[in-house]
2 protein chains.
Amino acid sequence: MSETDPGFIAAVEEARQGFAEGGVPIGACLVSKDGKIIGRGHNMRVQKGSATLHAEISALENSGRLPASAYAGATMYTSLSPCDMCTGSCILYKVARVVIGENKTFVGGEDYLKQRGIEVVVLENEECKELMRKFIEEKPHVW
Amino acid sequence: MSETDPGFIAAVEEARQGFAEGGVPIGACLVSKDGKIIGRGHNMRVQKGSATLHAEISALENSGRLPASAYAGATMYTSLSPCDMCTGSCILYKVARVVIGENKTFVGGEDYLKQRGIEVVVLENEECKELMRKFIEEKPHVW
């Protein structure tokens, strides 16, 4: 698991896209066991006034309705440590691994993911941190 | 907390509506601390091919984007014990209480909700059970 994984590159692209749209710059990408991107998305809180379309939820939603087997062994890449809801979504869909761009801005349910048997990898990616830093500086009231 | 609470009545209405639409008959309703319904919805897995619009997520989504204070002390009514994702959504929004129609069909994150300081009330409502029983009998492949 590294910053050059296609799933991670896609998650960061999604975060950048969110920033470009004036939204919360968090992106995610769900990759199946055999390495296929099955869904990607970014936080839509600002863009859609959505309380639930966080990056991971968007990625799952954009995957469509798949059989449970499609998620087995999958990896959820996300640019920021997942909140409790997104943590729960990874547990619900039984992903095998959550790869996190950074957890300096926010630490979510990493311990709970591990407790539930999900591997957690934190990459400490500089671009993910920088996007959040710029966003919080420009729009502290939104974050 | 009882079966005559307006929030619970709304959650069951939503579950019934889901059944009428041919969907998974689970409904939810979010009620603010001062007793106002701020959002209600039902599972849209079948209707929208959605992987994330469970009843509680729909209720939160239909609440729009509110300040964090709007959820403080709120009660989430749901016709069925919440899955891990919906459990996480209640924790994320810091609701004070989750009132569950039934947990015979499925037991979700009740223990974790309690562990995170959220009150859990199970009503063992017959209509909630019956809706799920009929649904699973008619569409075992969907459940």
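Just so we're clear, the structure is a prediction, and the values are computed from it rather than from any experiment. Proteins come first, then strands; the chains are lettered A, B, ... in the order of their sequence lines, and each starts at number 1.
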So for atom NZ, which belongs to A:Lys48, do other residues, nucleotides or ligands contribute more than 12 heavy atoms lying within a distance under 6.0 Å?
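For A:Lys48, atom NZ is not crowded (no more than 12 foreign heavy atoms under 6.0 Å).
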Kindly check if the number of other-residue, nucleotide or ligand heavy atoms within 6.0 Å of NZ (B:Lys94) is above 12?
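Counting neighbours around NZ of B:Lys94, 12 or fewer heavy atoms of other residues, nucleotides or ligands fall under 6.0 Å, so no.
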Side chain, backbone, both or neither: which part of A:Thr52 has a heavy atom under 4.5 Å from chain B?
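Both backbone and side chain.
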Between atom [atom1] of [X] and atom [atom2] of [Y], what is the distance when rounded to the nearest 0.5 Å?
X        : Y        : atom1 : atom2 : answer
B:Arg116 : A:Tyr112 : CZ    : OH    : 9.0 Å
B:Asp84  : A:Asp84  : CG    : CG    : 11.5 Å
B:Ile91  : A:Cys83  : CD1   : SG    : 10.0 Å

Minimum heavy-atom separation for B:Ala51 and A:Tyr93, please, with both atom names.
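Heavy atoms of B:Ala51 and A:Tyr93 come nearest at O-OH, 2.6 Å.
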Of the non-hydrogen atoms in B:Arg65 and A:Val142, which two are nearest, and what is the gap between them?
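It is NH2-CG1, 3.9 Å.
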Side-chain heavy atoms under 4.5 angstrom apart, residues restricted to Ile, Leu, Val, Met, Phe, Trp, Tyr: same cluster for [X] and [Y]?
X        : Y        : result
A:Val46  : B:Leu92  : no
B:Leu80  : B:Leu113 : no
B:Met132 : B:Phe8   : no
A:Ile37  : A:Val99  : yes
A:Phe106 : A:Val12  : no

Sort B:Ser50 into side chain, backbone, both or neither according to what part of it lies under 4.5 angstrom from a heavy atom of chain A.
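For B:Ser50, backbone and side chain are both near chain A.
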Checking heavy atoms, do the side chain of B:Thr87, its backbone, both or neither come under 4.5 Å from chain A?
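Answer is neither: B:Thr87 stays 4.5 Å or more from chain A.
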Return the option, out of B:Arg45, B:Met85, B:His54, with the maximum number of heavy-atom pairs under 4.5 Å with chain A.
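Of B:Arg45, B:Met85, B:His54, B:Met85 has the most heavy-atom pairs under 4.5 Å with chain A.
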